[in-house]
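All remarks here apply to the structure that follows.
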Amino acid sequence: MEALMVLLAILLQTLLTITTTTTAQFDPSAPIQVICSGDSNYTSNSAFESDLRSLLTSLASSAPSNGGFFNTSTPDNTVYGLAQCRGDKSPTECSACLNRSASAILSQCPRRKEAVLRYDGCLTRYSDKRFFSTLSTDVTQILINVNNASDQTVFNRQLGRLMNGLATNASQDASRFAEGEINYTDFVNLYGLVQCTRDLSGSDCLSCLTGSIAGLPGCCSGKQGARLFNPSCYLRYESSPFYAPVSPPPSPPPPLPGLTSPPPRAQTTHSDGNKKNSSKTVIFIVAPTIAVLAFISAIAFCYWRKKPKKKVPLGGGDQQQIQSAESLLFDFATLRLATENFSESNKLGEGGFGPVYKASQSQHI
Ligand SMILES: *[C@@H]1O[C@H](CO)[C@@H](O)[C@H](O)[C@H]1NC(C)=O
Ligand SMILES: *[C@@H]1O[C@H](CO)[C@@H](O)[C@H](O)[C@H]1NC(C)=O
Ligand SMILES: *[C@@H]1O[C@H](CO)[C@@H](O)[C@H](O)[C@H]1NC(C)=O
Ligand SMILES: *[C@@H]1O[C@H](CO)[C@@H](O)[C@H](O)[C@H]1NC(C)=O
Ligand SMILES: *[C@@H]1O[C@H](CO)[C@@H](O)[C@H](O)[C@H]1NC(C)=O
Ligand SMILES: *[C@@H]1O[C@H](CO)[C@@H](O)[C@H](O)[C@H]1NC(C)=O
C-alpha cells in the first residue's frame, strides 16, 4: 500500500522538464478534459457507432437517478461506458451535463473507439475494452487559479491537511466523494472537493487522490485554487466556496439506543464564489517528458506575463474566467522511468503535502 502511494505520490512532482506546452482558448461550452484514444477507429454508420450512441444515451439517462454514477456495456460487450457527475451536483444538473457530454464526446472524438470527456460537473468515458475498476492516471491535467495566497506557508499546510483528510474520507465512502473546508486565516477558509469514479476500490481511490495531492506543491504551491483531474479522479480547492452541499443519504440508519446521535451535517449554502471574483485560471497540460520541477513555475509565470489578458469563460457550467490555457500531460510510465521506479533514495524530504521526490538526472526519454 505504501509503495503504491509512494508511486503515485511522485506522479506530478517528479517532472524534470516540460517539452510541450500548447495553448488553447476555451469557449463557454468547452470540456476541461478530452482524451481521444483507441487502437482502431470505427467507421461511420457502423454497428459500433449505433452501439456507442445507445450506450451514451443510456449513461446520460441512468446516472442522474442512480446517485450520479452509472457504468454499463452493450449486450454483446462491444462498448463499455461510465458516467459520473460531481458529487455535489443535483440530478437535474447531472442530467444536463451528461446530455451535453453525450453529443460532445462524439463530436470531439469522431470515430474513436475510446474517449474520456470531462466537464467540471461530469465525466463520460467509453471504450471497446473493459476498463471498470482500473486506475487510469496517465493523463493528469491541471487548471490553476493564478491568484496567490497571502501566507503561503500556512496556506500550504492547511491545504495539505484538508486534501489528505478529504482523500481519506472519499476513499472510505461508497460514493468516493468528499467535500469540506478548513480555516486558513481568521476570516478566510479553504474549500476542497475530491472524487474518484465509483467503480474504483477504496485503496485505488486513495492512491489516485494521493498522487494528485502530491503534485500540488509542484504545480500549485501558494495558489488560491487548482483543479487536478485524470480519468479516475478529480480534486479541486479554492479559497472561496465553489461547491454545493450534498444532501444526506436517503435513509440514514436510526440512532442506536444509548448513543448520542451525531451532530447534523453542516448545510451551509455555498454559491460559486468564483463567479463573482473573476479569478484568473490557467490550464496546464504536461507532456511526457523530463523537466526540472523548479522551472515549471518559472516558465509558467513568464508565459502568463507575456500573455494578453484575454479572458475566456470556462465551460462545464462553470462561469470562471480563464486567462489562458496551457495543457500539460503527465505520462505515468515516463515518470516511473525518470525516477527509477520511485526508489526511496530519490526521496527528497517531506513537504506539507507528503513526500517530495526528485527525478534521476541520468534518464532521458
Ligand atoms: C483515428 O482517427 C484519427 C483522426 O480522426 C486519427 O488521428 C487516428 O490516428 C486514428 N486512429 C487509428 C488507430 O487509426
Ligand atoms: C460496473 O463496475 C463495477 C466495478 O468494477 C463492476 O463490478 C460492474 O460489473 C460494472 N457494471 C457493468 C454493467 O459492467
Ligand atoms: C436529457 O436528455 C433526455 C433525453 O433526450 C431528456 O429527456 C432530458 O430532459 C434531458 N435532461 C436535461 C436536463 O436536459
Ligand atoms: C504570484 O506571485 C509570484 C511570485 O511568487 C508573482 O510572480 C506573480 O505575479 C503573482 N501572481 C499574481 C496573480 O499576483
Ligand atoms: C472526514 O470525515 C470525518 C467524519 O465524518 C469528519 O469529521 C472530517 O471533518 C472529514 N474530513 C474532512 C477533511 O472533511
Ligand atoms: C484553525 O483553527 C484551529 C482551532 O480552531 C486553531 O488552533 C488554528 O490555529 C487555526 N489555524 C489557522 C491557520 O487559523
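Just follow the structure's listing: the first ligand is 1, and inside any ligand the first atom is 1. All heavy atoms count here, side chains included; hydrogens, waters and symmetry mates do not. Quantities reported herein were computed from a predicted structural model and do not represent experimental measurements.
Listed by chain and residue number, C196 satisfy the disulfide bond (SG atoms under 2.5 Å apart) test with C205 (two or more places apart in sequence, or in another chain). Applying the salt bridge (charged side-chain N to carboxylate O under 4.0 Å, His left out) rule to D186 yields no partners; only residues at least two apart in sequence or on another chain are considered.
Put simply, part of R130 is less than 4.0 Å from ligand 2, judged by heavy atoms.
The contact set between ligand 3 and A96, taken as ligand atoms under 4.0 Å from a residue heavy atom, comprises 13 (C). Heavy-atom proximity to T72, at under 4.0 Å, picks out these atoms of ligand 2: 13 (C). Within the listing of ligand 2, atoms 4 (C), 5 (O) sit less than 4.0 angstrom from a heavy atom of S133. Near N99, meaning under 4.0 Å from any of its heavy atoms, are these atoms of ligand 3: 1 (C), 2 (O), 3 (C), 8 (C), 10 (C), 11 (N), 12 (C), 14 (O).
At under 3.5 Å, not a single nitrogen or oxygen of T92, backbone or side chain, sits near a nitrogen or oxygen of ligand 3. Of the polar atoms of S73, none of the N or O atoms is found under 3.5 Å from an N or O of ligand 2, judged by distance alone.
The SG atoms of C85 and C97 sit 2.5 Å or more apart.
At distances below 3.5 Å, not a single donor-acceptor pair connects side-chain atoms of S62 with backbone N or O atoms of L59.
Taking OG of S203 as the reference point, atom CD of Q172 lies at 11.5 Å (rounded to 0.5 Å).
Both the sub-6.0 Å distance and the 45° axial angle are not jointly satisfied by R118 relative to the ring of Y234.
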At less than 3.5 Å, what protein N or O atoms come close to the N or O atoms of ligand 5? Include the distances to 0.1 Å.
{"unit_1": "ligand 5", "atom_1": "2 (O)", "unit_2": "N169", "atom_2": "OD1", "d": "3.2"}
{"unit_1": "ligand 5", "atom_1": "2 (O)", "unit_2": "N169", "atom_2": "ND2", "d": "2.2"}
{"unit_1": "ligand 5", "atom_1": "11 (N)", "unit_2": "N169", "atom_2": "ND2", "d": "2.9"}

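In the model, Y184 has a side-chain atom that pairs as donor or acceptor with a side-chain atom of S150 under 3.5 Å. Side-chain polar atoms of K113 and N41 form no donor-acceptor pair below 3.5 angstrom.
A disulfide bond (SG atoms under 2.5 Å apart) check over residues 161-193, counting only residues at least two apart or in different chains, returns nothing.
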